[in-house]
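Note that this is a predicted model, so its numbers are computed, not measured.
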Amino acid sequence: QVQLVESGGGLVQAGGSLRLSCAASGRTFSSYVMGWFRQAPGNEREFVAAEHWSGSSTYYTDSVKGRFTISRDNAKNTVYLQMNSLKPEDTAVYYCVAQDDPQVMDVTDPDDYDYWGQGTQVTVSS
């Protein structure tokens with residue numbers, strides 16, 4: 001029904017930038033909430049950012065505010081995460097997530113998302 005495919009991960013030095021992309025295919029809805037989580041070895045899965053597919057509301061975890069920007073291209077059914085001023089603590093596997101069920105949801109709760117991408121590794125060197 002819905003598939004999410006991330007791309008854009010890689011190895012970057014501290015202070016550098018990366019842009020992650022997540023392409024959604026299959027059936028989509030204007031009520032989508034899409035976002036990003038990340039998980040580093042030994043750490044809990046962490047909410048990063050989210051955006052309503054057809055709205056203006058965006059959400060960020062405090063640690064990335066001012067550095068990361070989530071955006072979308074509805075024509076391409078793609079959501080992006082522009083990551084600037086990267087820090088070593090940003091190193092993690094980044095997962096694209098989506099919810100196609102119109103509902104009030106906690107965007108920071110991974111259990112409120114129905115679809116997950118395969119993940120893309122982001123490594124930031126000191």
Side-chain angles (χ1 to χ4, degrees):
Q1 184 177 354
V2 175
Q3 292 179 300
L4 305 176
V5 180
E6 304 101 328
S7 62
L11 174 63
V12 181
Q13 65 183 18
S17 298
L18 281 174
R19 187 176 72 163
L20 305 183
S21 299
C22 174
S25 62
R27 189 179 183 186
T28 59
F29 300 94
S30 62
S31 59
Y32 265 146
V33 173
M34 299 189 70
W36 298 88
F37 285 77
R38 65 187 182 186
Q39 188 166 22
N43 292 344
E44 296 181 354
R45 186 180 297 169
E46 178 187 23
F47 170 75
V48 179
E51 182 175 22
H52 287 90
W53 189 251
S54 60
S56 60
S57 297
T58 57
Y59 311 87
Y60 298 93
T61 192
D62 286 344
S63 64
V64 308
K65 287 181 179 178
R67 299 189 298 119
F68 290 12
T69 303
I70 189 170
S71 62
R72 66 182 184 270
D73 184 338
N74 288 334
K76 296 181 178 180
N77 294 317
T78 300
V79 65
Y80 304 95
L81 186 68
Q82 178 67 45
M83 305 185 294
N84 298 327
S85 302
L86 283 162
K87 304 174 181 179
E89 52 262 43
D90 296 317
T91 295
V93 176
Y94 283 70
Y95 296 93
C96 179
V97 296
Q99 170 62 270
D100 64 358
D101 186 13
Q103 61 175 325
V104 176
M105 61 181 291
D106 179 2
V107 300
T108 70
D109 185 353
D111 291 337
D112 278 354
Y113 293 91
D114 291 331
Y115 304 101
W116 290 73
Q118 82 285 357
T120 185
Q121 176 71 47
V122 172
T123 302
V124 184
S125 62
S126 300

* Asked: If every non-hydrogen atom of Gln82 is compared with every non-hydrogen atom of Ser17, which pair is closest and at what distance?
  -> NE2-CB, 4.0 Å
* Asked: Do Tyr59 and Phe47 have ring centroids that are under 6.0 Å from one another?
  -> no
* Okay, side chain of Tyr60, backbone of Ile70: is any donor-acceptor separation there less than 3.5 Å? -> yes
* Might you point out which heavy atoms bring His52 and Arg72 nearest each other, and give the distance in Å? => O-NH1, 3.2 Å
* Establish whether Leu4 and Leu18 are linked, either directly or via other cluster members, by ILVMFWY side-chain heavy-atom contacts under 4.5 Å. => yes
* Can you check whether Trp36 reaches Cys96 side chain to side chain, under 4.5 Å on heavy atoms? -> yes
* Quick one: sort the Phe37 and Tyr113 rings into parallel, tilted or perpendicular, breaks at 30° and 60°. => perpendicular
* Side-chain contact, heavy-atom cut-off 4.5 Å: Ser25 with Val5? -> no
* Asked: Is there a side-chain contact between Asp114 and Asp100, using heavy atoms and a 4.5 Å cut-off?
  -> yes
* Asked: Quick check: are there more than 12 heavy atoms from other residues, nucleotides or ligands sitting under 6.0 Å from CD of Glu89?
  -> yes
* Asked: Does the pair Gln99 and Met105 meet the rule for a side-chain contact (heavy atoms from CB on, under 4.5 Å), with working shown?
  -> CA-CA 9 Å; Gln99 170 62 270; Met105 61 181 291; 3.7 Å; yes
* Which atom of Met34 lies closest to which atom of Val79, heavy atoms considered -> CE-CG1, 3.7 Å
* Can a salt bridge be assigned to the pair Asp90 and Lys87 using a cut-off of 4.0 Å between side-chain N and carboxylate O? -> no
* Structure fact -> Rounded to the nearest 0.5 Å, the CZ atom of Arg19 sits from the OG atom of Ser7 at a distance of 9.0 Å
* Could you label the plane-to-plane angle of the Tyr94 and Phe68 rings as parallel, tilted or perpendicular, counting under 30° as parallel and over 60° as perpendicular? => tilted
Can you give the donor-acceptor pairs under 3.5 Å from side chains of residues 117-126 to other protein atoms, not counting sequence neighbours?
from: Gln118; atom 1: NE2; to: Glu6; atom 2: O; distance (Å): 3.2
from: Gln118; atom 1: NE2; to: Glu6; atom 2: OE1; distance (Å): 3.4
from: Thr120; atom 1: OG1; to: Gly9; atom 2: N; distance (Å): 3.3
from: Gln121; atom 1: NE2; to: Ala92; atom 2: O; distance (Å): 3.4
from: Gln121; atom 1: NE2; to: Thr123; atom 2: OG1; distance (Å): 3.3

* Would you call Val12 and Met83 a side-chain contact if the rule is heavy atoms closer than 4.5 Å? -> no
